[in-house]
Amino acid sequence: QSALTQPASVSGSPGQSITISCTGTSSDVGGYNFVSWYQQHPGKAPKIMIYEVSIRPSGVSDRFSGSKSGNTASLTISGLQAEDEADYYCISYTSRSTVIFGGGTKVTVL
Amino acid sequence: QVQLLESGGGVVQSGGSLRLSCAASGFTFSTYGMNWVRQAPGKGLQWVAFIQHNGNNIYFADFVKGRLTISRDNSQNTLFLQMNSLTAEDTAIYYCAKDSSGGWLTPKGTFDYWGQGTLVTVSS
C-alpha cells in the first residue's frame, strides 16, 4: 500500500498561516475519522499534534487545527512561529485494519 | 511520567536477526495497545506493527512479509520486536509508541507517547 500523499515542503513567513494536505483514498483517509498529525524536529521523536481529524491533545497550541474533506485531510498552522519549523506527518487508519503514514512535509519558516 | 525506553539495536549482517525491546513505565502497560514505527536515515516515518493490550490481536505492515514478530510481556511491562532475515532496507531507527486510548483491537495511528528510538543498521 502506498504512503499517503503530502507536499514535500511548505513555507511561510512568521505570523502567516499555512496548510499541509494529506491525500489518500476512500479506503483510508476518506473512509475513517482516524487521521492524526505528528510534528518531528530533527533528531527527536515525533509528537502528536492532532488526532481523529481535528482533536487537539492537551498542551498543543490552538494555532494547530485539522480538518478533512473527502479523501484529503489538512493540517493548518496559523500565526506561524520559528519553533513550528519541523517535519509533519499524517497517518490514517485503513480498510485493512492497518495504519499508513504520509510521506512527510518539511515546514520552513522564512 | 510515561517513559518508553527501547534497546537492542545495533549492527547486524544482512540475513541476520535482532530482538528489540521497549521497557515501559509510568502507565498501566497491560491496558494499552503498543506499536513499532521505524524511520530510515533521512526518510519518513513507517508504521511497522501493532499488538493489542492483551496480545490477542496483532497487525503488521505489508512490507513485513512474515519476517517480524511482535510480542509483549505484561508482567514485565515490556514490548518486543523480533526481526529475522534482515536486509539493508531494514536499516532505521525503531521507535515504540503507545496508543492514546486503551482497549483498541486494531491500530488507529494515535500515539501519545514515543520512545527515543533504537538504531538498527544492517550491513551487506
Side-chain angles (χ1 to χ4, degrees), chain A residues 1-9 20 22 24 27-29 31-60 66 68 73 75 86-106, chain B residues 1-6 9 22 24 32-52 56-65 68 70 92-119:
Chain A
Q1 186 166 14
S2 299
L4 305 176
T5 300
Q6 296 181 233
S9 63
I20 303 168
C22 171
S27 296
D28 39 64
V29 174
Y32 308 92
N33 286 327
F34 285 103
V35 177
S36 298
W37 289 90
Y38 293 88
Q39 176 192 65
Q40 186 181 35
H41 287 107
K44 301 294 187 182
K47 173 188 176 183
I48 191 165
M49 305 303 284
I50 295 287
Y51 67 97
E52 293 179 24
V53 175
S54 60
I55 301 174
R56 200 171 43 249
S58 173
V60 172
K68 189 181 82 167
L75 174 71
D87 294 325
Y88 291 83
Y89 297 90
C90 63
I91 184 173
S92 174
Y93 181 72
T94 82
S95 59
R96 300 176 66 180
S97 298
T98 61
V99 289
I100 189 164
F101 277 101
T105 298
K106 181 177 180 60
Chain B
Q1 72 279 23
V2 173
Q3 285 194 317
L4 298 171
L5 186 61
E6 301 95 337
C22 170
Y32 288 89
M34 295 294 296
N35 302 262
W36 287 100
V37 176
R38 73 181 188 180
Q39 187 169 34
K43 303 296 185 183
L45 300 173
Q46 189 176 36
W47 174 77
V48 176
F50 162 88
I51 184 167
Q52 189 186 358
N56 285 353
N57 285 314
I58 287 172
Y59 294 91
F60 290 103
D62 288 346
F63 69 83
V64 169
K65 293 184 172 61
L68 308 185
I70 185 172
I93 296 172
Y94 285 75
Y95 296 99
C96 63
K98 169 186 168 292
D99 276 353
S100 63
S101 289
W104 281 331
L105 303 183
T106 63
K108 294 294 190 285
T110 308
F111 314 134
D112 57 354
Y113 289 94
W114 297 61
Q116 85 294 341
T118 186
L119 178 61

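Each chain gets a letter, A, B and so on, in the order its sequence line appears, and its residues count up from 1.
- Under a 3.5 Å cut-off, the side chain of A/Q39 and the backbone N or O of A/M49 do not form any donor-acceptor pair.
- The candidate with the highest count of non-hydrogen atom pairs below 4.5 Å against chain B, out of A/T98, A/V35, A/T94, is A/T98.
- Looking only at heavy-atom pairs under 4.5 Å with chain B, the residue among A/I48, A/I91, A/V99, A/D87 that has the most is A/V99.
- Residue B/Y113 does not touch chain A at all, counting heavy-atom pairs closer than 4.5 Å.
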With side chain to side chain contact (heavy atoms under 4.5 Å, CB included) as the test, would you mind laying out the steps for A/K47 and A/V60 before giving the verdict? CA-CA 10 Å; A/K47 173 188 176 183; A/V60 172; 4.3 Å; yes
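- A/Y32 does not touch chain B: none of its heavy atoms, backbone or side chain, sits under 4.5 Å away.
- In plain terms, the two heavy atoms of A/A45 and B/G115 that are nearest each other are CB-O, 3.4 Å.
- Heavy atoms of A/P57 lying under 4.5 Å from chain B are absent altogether.
- Within the 3.5 Å criterion, the main-chain N or O of B/C22 finds no donor-acceptor partner in the side chain of B/E6.
- Looking at B/K98 and B/S100, their side chains never bring a donor and an acceptor atom within 3.5 Å of each other.
- In terms of heavy atoms, B/L4 sits closest to B/Q116 at O-OE1, 3.6 Å.
- Ring-plane geometry between B/F111 and A/F101 is classed as tilted, the angle between the planes lying from 30 to 60 degrees on a 0 to 90 degree scale.
- Interface remark: of the candidates A/P46, A/G43, A/G104, A/P46 forms the most heavy-atom pairs closer than 4.5 Å to chain B.
- Residues of residues 37-51 of chain B lying under 4.5 angstrom from chain A, judged on non-hydrogen atoms, are B/V37, B/Q39, B/K43, B/G44, B/L45, B/Q46, B/W47 in numerical order.
- Under the side chain to side chain donor-acceptor pair (under 3.5 Å) criterion, A/T105 pairs with A/Q6, not counting sequence neighbours.
- Between the NZ atom in A/K68 and the SG atom in A/C22 there is a gap of 10.5 Å [rounded to 0.5 Å].
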